[in-house]
Number of protein chains: 2
Amino acid sequence: MSIDEAWDILLKYDYKRTRNREILLQFFDQADRYVTAMEVRVAVEQDNPGISFDTIYRNLAMFSKLGILDETELNGERLFRMQCATDHHHHHFICTTCGGTKSIPICPMDSVTVNLSEYEIEGHKFEIYGRCPNCIAG
Amino acid sequence: MSIDEAWDILLKYDYKRTRNREILLQFFDQADRYVTAMEVRVAVEQDNPGISFDTIYRNLAMFSKLGILDETELNGERLFRMQCATDHHHHHFICTTCGGTKSIPICPMDSVTVNLSEYEIEGHKFEIYGRCPNCIAG
DNA sequence: CCTTTAATTCGGAATCATTCCGATTACTTT
DNA sequence: AAAGTAATCGGAATGATTCCGAATTAAAGG
């Protein structure tokens, strides 16, 4: 998702265009991988020293709820990244070293044969963890 | 996994047979679903009022590392359950209301067609979330 | 059974990420 | 430019988890 598409969503929901949100979006746009909340904090403090933790966490949570960010968890750490374009549902390999991702175009839900008709399905998660070629080399 | 199988593992690694560990294992054995750390605390305090948080968390972490417990995360909460018998690799539907599970016998790794030969795969996760028939009925 | 030794537990303090809150600042609209 | 409301700030509060030194307990050997 581009920064512009993110702003489209934010403005549609009457969120205001603020400097902190622009900094956050630009950071996620160029990062293009999963980053920890701590990495976000360190990075945005470059652009706005004195930004409040509250502001960071509040916006991360809101972006995540609006689908602008993707949130996951690895070894007890929260990770965030810009949501992929939403046109093709897919999943990810996630590098446990750098947070980089690789698309896995299949969705296991298509292969589930168990009868879940009496269950209300709210969501699912499929992720592969490991090390990417770059991090193996490095 | 049964309580006896859990003790086999613990004793094999020279962990001692203590009352607190027995209480924990019995609780997970009868719970047979994902429970939060808080639920564990409340439950084991019935059997041993005054048990230290340290003891609970230390053993949960150790059980999890030894493969006696399965650990996952939902809405920022850590969930634990007794590990299934390890003979057939499979995944789970998890009820977001009660933590109950239903086995999903397929593994999406079998269907992954993307070439990951240059990647080191460390693990994967596939979970389906929703509400089970019991919890839907209310 | 008694002793020894090391693992385990206890209790409470410390840590760490995250959230809350009241006061201030900054968008957006008019 | 002024008003109104959302957003931010700064720092305190929260809550889960971990750490630590002292006390207890399980296992092994005599």
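Note that the coordinates shown come from a computational prediction; the quantities given were computed from them, not determined experimentally. First the proteins, then the strands, lettered A, B, ... as listed; each starts at 1.
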Contact class for [X] (heavy atom, under 4.0 Å): base, sugar-phosphate, or nothing?
X: R17(A); value: sugar-phosphate
X: F53(B); value: base
X: R21(B); value: sugar-phosphate

Can you establish whether the number of heavy atoms outside Q30(A) located under 6.0 Å from its atom CD is more than 12?
->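 Result for CD/Q30(A): enclosed.
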
Of R19(B) and S52(B), the one whose closest DNA chain D nucleotide lies more 5' |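 Going by which nucleotide is closer to the 5' end, it is S52(B).
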
Who are the salt bridge (charged side-chain N to carboxylate O under 4.0 Å, His left out) partners of D47(B), not counting sequence neighbours?
->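 Salt bridge (charged side-chain N to carboxylate O under 4.0 Å, His left out) list for D47(B), sorted by chain: empty.
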
Integer-rounded Å distance: [N] [atom2] and [X] [atom1]:
X: N59(A); N: dC27(C); atom1: CG; atom2: P; answer: 13 Å
X: D54(B); N: dG12(C); atom1: CG; atom2: P; answer: 13 Å
X: E77(A); N: dT18(C); atom1: CD; atom2: C1'; answer: 14 Å
X: M38(B); N: dT14(D); atom1: CE; atom2: P; answer: 15 Å
X: E39(A); N: dA17(C); atom1: CD; atom2: C1'; answer: 15 Å
X: L10(B); N: dA26(D); atom1: CG; atom2: C1'; answer: 14 Å
X: R41(A); N: dT19(C); atom1: CZ; atom2: C1'; answer: 13 Å
X: D14(A); N: dA7(D); atom1: CG; atom2: C1'; answer: 14 Å

Electrostatic pair E39(B):R33(B) at N-O distance under 4.0 angstrom | yes

So, does H124(A) use its side chain to make a donor-acceptor pair with the main chain of E127(B) at under 3.5 Å?
->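 A pair under 3.5 Å: no.
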
Could you tell me whether the side chain of E77(B) and the main chain of L74(B) form a donor-acceptor pair under 3.5 Å?
-> no

Which nucleotide in the list dC9(D), dA7(D), dT17(D) gets nearest to the side chain of I51(A)?
->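 Selected nucleotide (nearest to the side chain): dC9(D).
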
Selected nucleotide, minimal atom distance to N20(B) side chain, candidates dT8(C), dG10(D), dC10(C) = dC10(C)

